[in-house]
A.B. asks: 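Below you will find the structure I want to go over with you.
Every number for a ligand or one of its atoms is a count from 1 in the order of the listing. In what follows, every heavy atom counts, from backbone to side chain, and hydrogens, waters and symmetry copies are set aside.
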Amino acid sequence: MEKKAELCRGKAKSVYFTDDDDYLIIEFRNDTSAFDGEKIEQLDRKGMVNNKFTAFIMDKLEDAGVKTHHVKLLSDEEALVRKLDMLPIECVVRNIAAGSLCKRLGVEEGVDLNPPTFEFFLKNDALHDPMINEYHIRSFGWATDEDIKEMKKLTFQVNDVLKKMFADAGMLLVDYKLEFGRFKGELLLGDEFSPDGCRLWDVETREKLDKDRFRQGLGGVVEAYEEVGKRLGISFD
Ligand code: ADP
Ligand code: UDP
């Protein structure tokens with residue numbers, strides 16, 4: 001599949017058209033950003049690690065019956081994906097309190113959330129991705145009732161699969177963000193699943209193994225991502 005013009009350049013990935021209208025090439029860059037792009041750094045190997053990490057997770061989710069945009073890896077930093085009509089919505093499930101939930105509700109980091117919580121955010125950097133609810137989504141036509149139901153179902157299904165997978169590898173899946181889009185009338189999981197968009201803690205020590213290392217200046221960011229990958233059996237060679 002031939003790489004054509006750039007469709008969009010996000011904060012961490014670049015997306016390219018191909019010679020087939022149904023497919024895109026996603027390039028994972030080393031750029032790492034936090035706080036709405038206020039903090040940006042280049043982290044060596046991160047593009048390659050997140051590309052291979054995402055491909056591995058998408059394959060696991062497909063095996064469990066969750067349809068995704070992923071087709072195949074093309075190179076260390078590139079993957080071939082189905083071209084989705086993305087919904088401007090981020091779906092977040094939380095198993096343990098952390099990040100914006102703690103700030104918003106004054107909850108201590110590390111509190112177990114039982115049952116897990118679900119939140120929608122509007123994907124809009126200029127507005128700092130505000131939290132929204134189903135009524136906003138319907139009133140503004142960002143998605144249909146059916147999409148809302150499906151996004152919630154799929155996001156929780158992902159939790160069932162991945163919580164267990166990470167637990168078996170000695171990690172707690174604290175929270176994560178998913179994005180969905182339409183492909184030929186069907187809602188598919190798009191974007192990525194990597195330690196850039198989820199929180200993972202070591203089950204024994206509760207050491208952070210995700211992008212909070214970058215947000216909080218803890219260092220060893222990509223090393224932690226690779227450690228997570230190694231525990232799952234992903235090869236980054
Ligand atoms: P951002 O700066 O928006 O957080 P990224 O750097 O992650 O974004 O860039 C990836 C962009 O590509 C995002 O806007 C995402 O919604 C979009 N995208 C991800 N997967 C697909 C897909 N399969 N089809 C179309 N667009 C996609
Ligand atoms: N997240 C993301 N992109 C965003 C916002 C959040 O990938 O634009 C992920 C984040 O890494 C975490 C989860 O979604 O795993 C919940 O994030 P939170 O609302 O706590 O926001 P944060 O404080 O991390 O910005």
A.B. asks: Does any N/O atom on A12 come nearer than 3.5 Å to any N/O atom on ligand 1?
C.D. replies: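 Yes, at least one N or O pair falls under 3.5 Å.
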A.B. asks: Below 4.0 Å, non-hydrogen atoms only: which portion of D125 touches ligand 1? Side chain, backbone, both or neither.
C.D. replies: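 It is neither part, as no heavy atom is under 4.0 Å.
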A.B. asks: Are K46 and F28 in a cation-pi contact, defined as NZ or CZ under 6.0 Å from the six-membered ring centre and within 45° of the axis?
C.D. replies: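 That pair does not qualify as a cation-pi contact.
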A.B. asks: Determine whether any heavy atom of L188 lies closer than 4.0 Å to an atom of ligand 1.
C.D. replies: no
A.B. asks: Report the residue from D21, D22, D85 that forms a salt bridge (Lys or Arg N to Asp or Glu O under 4.0 Å) with K184.
C.D. replies: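 With K184 as partner, salt bridge (Lys or Arg N to Asp or Glu O under 4.0 Å) holds for just one option, D22.
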A.B. asks: Just go through E179, K123, M86, R182 and tell me whose heavy atom is the nearest to atom 26 (N) of ligand 1.
C.D. replies: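 Nearest heavy atom to atom 26 (N) of ligand 1 lies in M86.
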A.B. asks: Purely on distance, is any nitrogen or oxygen of K83 under 3.5 Å from one on ligand 1?
C.D. replies: no
A.B. asks: S100 and R94: side-chain donor and acceptor closer than 3.5 Å?
C.D. replies: yes
A.B. asks: Compute whether any side-chain donor of one residue and acceptor of the other, for E78 and N51, lie under 3.5 angstrom apart.
C.D. replies: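 Distance-only check fails for E78 and N51.
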A.B. asks: What atoms of ligand 1 come within less than 4.0 Å of a heavy atom belonging to L24?
C.D. replies: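 By the 4.0 Å cutoff, the relevant atoms are 24 (N), 25 (C).
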A.B. asks: Between Y176 and F193, does the ring pair (Phe, Tyr, Trp, His ring centres under 6.0 Å) criterion hold? Intermediate values first, please.
C.D. replies: CA-CA 8 Å; Y176 56 91; F193 192 105; 5.8 Å; yes
A.B. asks: When you measure from the centre of the six-membered ring of Y16, is the NZ or CZ of K3 under 6.0 Å away and within 45° of the axis?
C.D. replies: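 The answer is yes; both the distance and angle limits are met.
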A.B. asks: Check which hydrophobic residues are tied to V111 through side-chain heavy-atom contacts below 4.5 Å, counting indirect links as well, and list them.
C.D. replies: L101, L105, V107, L113
A.B. asks: Using the rule salt bridge (Lys or Arg N to Asp or Glu O under 4.0 Å), only one of D129, D196, D125 pairs with K11; which is it?
C.D. replies: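 For K11, the salt bridge (Lys or Arg N to Asp or Glu O under 4.0 Å) test succeeds with only one of D129, D196, D125, which is D125.
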A.B. asks: Under 4.0 Å from a heavy atom of I26: give me the atoms of ligand 1 that qualify, with their elements.
C.D. replies: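 Per the distance check, 20 (N).
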A.B. asks: Using a 3.5 Å cut-off on N/O to N/O, what pairs does ligand 2 make with the protein? A line per pair would be great.
C.D. replies:
unit_1   : atom_1 : unit_2 : atom_2 : d
ligand 2 : 8 (O)  : E90    : OE1    : 3.4
ligand 2 : 8 (O)  : E90    : OE2    : 3.4
ligand 2 : 8 (O)  : D129   : OD2    : 3.1
ligand 2 : 11 (O) : R215   : NH2    : 2.9
ligand 2 : 15 (O) : D175   : OD1    : 2.6
ligand 2 : 19 (O) : R94    : NH2    : 2.7
ligand 2 : 19 (O) : S100   : OG     : 2.6
ligand 2 : 20 (O) : R94    : NH1    : 3.1
ligand 2 : 20 (O) : R94    : NH2    : 3.4
ligand 2 : 20 (O) : S100   : N      : 2.8
ligand 2 : 20 (O) : S100   : OG     : 3.4
ligand 2 : 20 (O) : R199   : NH1    : 3.0
ligand 2 : 23 (O) : S100   : N      : 3.2
ligand 2 : 24 (O) : R199   : NH2    : 2.7
ligand 2 : 24 (O) : R215   : NH2    : 3.4

A.B. asks: Run through Q42, E41, K13 and flag the one making a side-chain contact (heavy atoms from CB on, under 4.5 Å) with D31.
C.D. replies: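 Answer after filtering Q42, E41, K13: Q42.
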A.B. asks: Among all the protein's non-hydrogen atoms, which is closest to atom 11 (C) of ligand 1, and how far away is it?
C.D. replies: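 For atom 11 (C) of ligand 1, the nearest protein heavy atom comes out as C8 SG, 4.0 Å.
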A.B. asks: Check each heavy atom of D85 against ligand 1 and say whether those closer than 4.0 Å belong to the side chain, the backbone, both or neither.
C.D. replies: neither
A.B. asks: Using a 4.0 Å heavy-atom cut-off, say whether V15 meets ligand 1 through its side chain, its backbone, both or neither.
C.D. replies: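 V15 to ligand 1: side-chain contact only, backbone stays beyond 4.0 Å.
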A.B. asks: Is K11 in polar range of ligand 1, meaning some N or O pair under 3.5 Å apart?
C.D. replies: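 Yes, since at least one N or O of K11 sits under 3.5 Å from an N or O of ligand 1.
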A.B. asks: Counting each atom of ligand 1 from 1 as listed, which ones have a heavy atom of R82 under 4.0 Å away?
C.D. replies: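 By the 4.0 Å cutoff, the relevant atoms are 22 (C), 23 (N), 24 (N).
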A.B. asks: Centres of the F53 and Y225 rings: under 6.0 Å?
C.D. replies: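 F53 vs Y225: aromatic centres not under 6.0 Å.
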A.B. asks: For ligand 1, which atoms sit closer than 4.0 Å to a heavy atom of V81?
C.D. replies: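 Those atoms are 23 (N).
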A.B. asks: Tell me which protein heavy atom sits closest to atom 7 (O) of ligand 1, plus the residue, atom name and distance to 0.1 Å.
C.D. replies: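 Atom 7 (O) of ligand 1 sits closest to the protein heavy atom K13 NZ, 2.5 Å.
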A.B. asks: Here's one to test your reading of the geometry: is the NZ or CZ of K4 within 45 degrees of the ring axis of F17 and under 6.0 Å from its centre?
C.D. replies: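 That pair does not qualify as a cation-pi contact.
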A.B. asks: Tell me which protein heavy atom sits closest to atom 20 (N) of ligand 1, plus the residue, atom name and distance to 0.1 Å.
C.D. replies: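 Residue, atom and distance for the closest contact: D191 N, 3.1 Å.
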A.B. asks: Does only the side chain of L84 get under 4.0 Å from ligand 1, or the backbone, or both, or neither? Count heavy atoms.
C.D. replies: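 It is both backbone and side chain that touch ligand 1.
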A.B. asks: Evaluate side-chain contact (heavy atoms from CB on, under 4.5 Å) for I148 paired with T144, printing each intermediate quantity in order.
C.D. replies: CA-CA 6 Å; I148 293 171; T144 64; over 6 Å; no
A.B. asks: Go through ligand 1 atom by atom and flag the ones less than 4.0 Å from a non-hydrogen atom of H69.
C.D. replies: 20 (N), 22 (C), 23 (N)
A.B. asks: Can you confirm whether more than 12 heavy atoms, excluding those of Q216, are under 6.0 Å from its CD atom?
C.D. replies: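 Atom CD in Q216 is crowded, with more than 12 foreign heavy atoms closer than 6.0 Å.
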A.B. asks: Are any side-chain N or O atoms of H69 and backbone N or O atoms of D191, one a donor and one an acceptor, separated by less than 3.5 Å?
C.D. replies: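 Indeed, once roles are kept as given, a pair shorter than 3.5 Å links the two residues.
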